[in-house]
2 protein chains.
Amino acid sequence: MTREPYGQRRDDDRSAVRRPASIKDVAAAAGVSPTTVSHVLSGNRPVNEQTAARVRSVVNRLGYVPASLARSLQAGSTSVIGLLIPDISNAFFAELAKGAEDAAHDLGYGLILCNTEFDAEREDRYLGMIRSRFVDGMVYASGSAPSRRRLEALMGKFPIALADEEVDGLERALIATADHEAGGRLVGEHLRELGHRRVLMLTGPRGLRSGVARATGFVRAFGGHVVERVGDFKEASGHRLVAKLLEEGGLDCTAVFAANDLMAFGALAALTEAGLSVPGDISVVGFDDIRAASQINPPLTTVHQPAYDVGRTATAQLLQYVSRGEVPPASRHTLPVTLKVRGSTAPAAR
Amino acid sequence: MTREPYGQRRDDDRSAVRRPASIKDVAAAAGVSPTTVSHVLSGNRPVNEQTAARVRSVVNRLGYVPASLARSLQAGSTSVIGLLIPDISNAFFAELAKGAEDAAHDLGYGLILCNTEFDAEREDRYLGMIRSRFVDGMVYASGSAPSRRRLEALMGKFPIALADEEVDGLERALIATADHEAGGRLVGEHLRELGHRRVLMLTGPRGLRSGVARATGFVRAFGGHVVERVGDFKEASGHRLVAKLLEEGGLDCTAVFAANDLMAFGALAALTEAGLSVPGDISVVGFDDIRAASQINPPLTTVHQPAYDVGRTATAQLLQYVSRGEVPPASRHTLPVTLKVRGSTAPAAR
DNA sequence: TTGTACGCGTTATCAG
DNA sequence: CTGATAACGCGTACAA
């Protein structure tokens, strides 16, 4: 096993320890002061062309690269932000992450992926990164009911933008979400027009504003009877809830409206396994419009959420202020959703 | 618009600028030295309980949190690594990222998401993070043909692990990949057993070792005639290549073997649009086994790659050495793949 | 055009 | 049990 630490041998020091060249090493080798080296590289002030050339040559020879850490310390910011999400393998959050990464990259920021797996402890640890100022800001798209207190305290002191999910009591914040209420409304109208009168609504965890908004929009537009069951956004929970109702013989509905596509997939599977036909016997509607939604059989009718734009907008908002060192004012972006009518919905069975 | 910079007011300084409390502030307010404050918090050496209590009280009052940046500067490492991938919205890389994030989190490391969109310039910028030592290491899963020279130079000096993809000329490295050759072999055997004799093979970009390995395994096990077309791993390219061959009337094959599931989806769509039945007229096989593969119609026969494990293994390998400050020795992990036989393959049409 | 000196916030070392 | 000091590597105000 090789045991040498990383780094490069200093030209002027044959000690046993290799370490990366510092600005001092360059200065010494070029016969100038560190200040001059700094200015040659930054262009922040004019340097004699001969001197500059000599410095550059030494920089190349030693392979000197300024330590961004030291620069950050002195500058008071790291040009890195965090993106806190529950599950990167969920296509919705992957799209959101892509939007966030694009926006960050555009402004020269790095993005730390904070994947919480819905784990509060893990979320806490990641939030510590903003308190210890390792990140300049945080895009919070937890997806699970966040601890209001903690978040509230943090939002007063650090730049945090909310993506995809609002948080009760934090109205004065940077927020980018899809129009969940409109999404619910679109589904409600669609099912009503198809003649459905009794619908099973599978929700996500309680306490999510987006869920409330969706339900509100849906119930109001639908007007019929709504049976509600609480799940956790995972495919398994959609399957479990529907299977249980079927066993108990209590699924007297003609349609299922799931909180997201994954749960809709689970419901679909449970219905099919029970010998029911979708949409012949029962219609199914999802939410998110992840890629698989259009590819499953039957193709899923669902609400398209602009996941990429939600991530991009939240991040761009955040950085607009972070990059100026200002406290962001409240600012809410509600992005439009659309209903994708596919093969999983049909007129209500008589 | 609020214009106050972030931070907290110092208790002992009523200057106009709010800034976070530093260890000096705490020390002054508690009447001890910064050294003592440091040790109270780290527990690195015993501190008189009375003194410690006083310090802790001040820490709470001022809301002091150690600046991780300064700690990193002094420690010489940031406890953050980078994950360089082409596209986080590709389910394969999302899974890989999840594995990498889990492994990093387990060892107390953060993970910077470097999404390149197959863009060389963007990749370069991200690789700069390791040269400037903002990250302690990098997991490289580019997926596109990387610039060998650049990577080679970097790998000699910095801890880099290769995930999912080997790189020619870099045998002596940390590598975790799926067994692509075995994957190709499994597909070859499967199609041969089904009686196929002419297969269209859609590959990814040239110059990828994984592609060569797959093709080698496939061709050897299959034994029949293989027509090859080069794509770029995207759904559109699968569609385009197949559609073009169909137009030209040159698709005299009974099966298509795509380089990944996305391209297989594209091929599937093109075939269906041309009125061909899958697998009745022609069989289709993918690679990766992303979630949508089992949900598409017909369900896709494909090679399951352990994306999560590839990410997790590569990262764990990297960190095992990074965390000790050692140069990693060469070490290759080849993870097993399995063939998922689903509805998109059938005996060759006569 | 260039250099000196200091601060950023922390921890290790060495001395009491 | 505690403190003073140096060092990490950089940028820059100030001085020459």
Side-chain angles (χ1 to χ4, degrees), chain A residues 5-8 10 13 15 17 19-55 59 62-79 131-134 136 325, chain B residues 5-8 10 13 15 17 19-55 59 62-79 131-134 136 325:
Chain A
Y6 283 100
Q8 294 151 16
R10 293 167 66 191
D13 179 350
S15 69
V17 179
R19 62 164 182 71
S22 80
I23 198 171
K24 282 185 192 169
D25 300 326
V26 176
V32 298
S33 77
T35 305
T36 299
V37 176
S38 175
H39 286 118
V40 167
L41 264 42
S42 72
N44 278 353
R45 84 181 182 193
V47 175
N48 177 293
E49 188 42 50
Q50 300 230 344
T51 315
R54 189 154 33 97
V55 168
V59 164
L62 301 189
Y64 168 68
V65 179
S68 48
L69 210 56
R71 182 179 296 183
S72 292
L73 178 63
Q74 118 82 26
S77 75
T78 59
S79 287
R131 299 201 304 147
S132 71
R133 285 152 288 153
F134 193 87
D136 292 347
Chain B
Y6 284 100
Q8 296 150 16
R10 292 167 66 190
D13 180 349
S15 69
V17 179
R19 62 165 180 69
S22 80
I23 198 170
K24 284 185 191 170
D25 301 325
V26 175
V32 298
S33 76
T35 307
T36 299
V37 176
S38 175
H39 286 119
V40 168
L41 264 40
S42 71
N44 277 354
R45 81 182 183 191
V47 175
N48 177 291
E49 190 40 51
Q50 298 230 344
T51 315
R54 188 155 33 97
V55 168
V59 164
L62 300 189
Y64 167 69
V65 179
S68 50
L69 215 55
R71 200 199 296 263
S72 292
L73 178 62
Q74 126 77 28
S77 75
T78 59
S79 288
R131 299 200 304 146
S132 70
R133 284 151 287 151
F134 193 86
D136 292 348

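Keep in mind that this is a model prediction, so the values were computed, not measured. Each chain gets a letter, A, B and so on, in the order its sequence line appears, and its residues count up from 1. Quick note: numbers below take in every heavy atom, side chains included, and nothing from hydrogens, waters or symmetry partners.
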Item to check | Sidechain-backbone polar pair: Arg133(A) side chain, Val65(B) backbone, donor-acceptor under 3.5 Å | outcome: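 Yes: the side chain of Arg133(A) pairs with the backbone of Val65(B).
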Checklist entry - Where the side chain of Asp136(A) meets the backbone of Thr78(A), is there a donor-acceptor pair that is under 3.5 Å apart? => result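 Judged by distance alone, yes, a pair lies under 3.5 Å.
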Hey, what do you get for [atom1] ([X]) to [atom2] ([Y]), rounding to the nearest 0.5 Å?
X         : Y        : atom1 : atom2 : answer
Ser38(A)  : Asn44(A) : OG    : CG    : 7.0 Å
Phe134(B) : Ser72(A) : CZ    : OG    : 5.0 Å
Ile23(A)  : Tyr64(A) : CD1   : OH    : 4.0 Å

Next on the checklist: Going by salt bridge (charged side-chain N to carboxylate O under 4.0 Å, His left out), name the pairs with one or both residues in residues 37-53 of chain A, residues two or more places apart or in two chains.
Outcome noted: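 Output for this query lists Glu49(A)-Arg56(A).
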Next on the checklist: Using a 4.0 Å cut-off to any heavy atom of chain B, which nucleotides of DNA chain C are the first and last in contact, reading 5' to 3'?
Outcome noted: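 Extent of the interface on DNA chain C: dG9(C) to dC14(C).
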Next on the checklist: Check the phosphate of dG3(D) against Thr36(B), side-chain N and O only, distance under 4.0 Å to OP1 or OP2. Yes or no?
Outcome noted: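 Answer is yes, contact under 4.0 Å.
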Item to check | nucleotides 7-16 of chain D: protein proximity per nucleotide (B base, S sugar-phosphate only, - neither; heavy atom, under 4.0 Å) | outcome: -BBBSB-B--
Checklist entry - Reckon Ser72(B) touches a base, only the sugar-phosphate, or nothing at all at heavy-atom distances under 4.0 Å? => result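 No contact.
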Checklist entry - Looking at side-chain heavy atoms only, is the closest gap between Thr51(B) and Arg54(B) below 4.5 Å? => result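 Touching, per the 4.5 Å side-chain cut-off.
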Item to check | Side-chain heavy atoms of Asp25(B) within contact of Arg19(B), under 4.5 Å | outcome: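 Yes, at least one pair of side-chain atoms sits under 4.5 Å.
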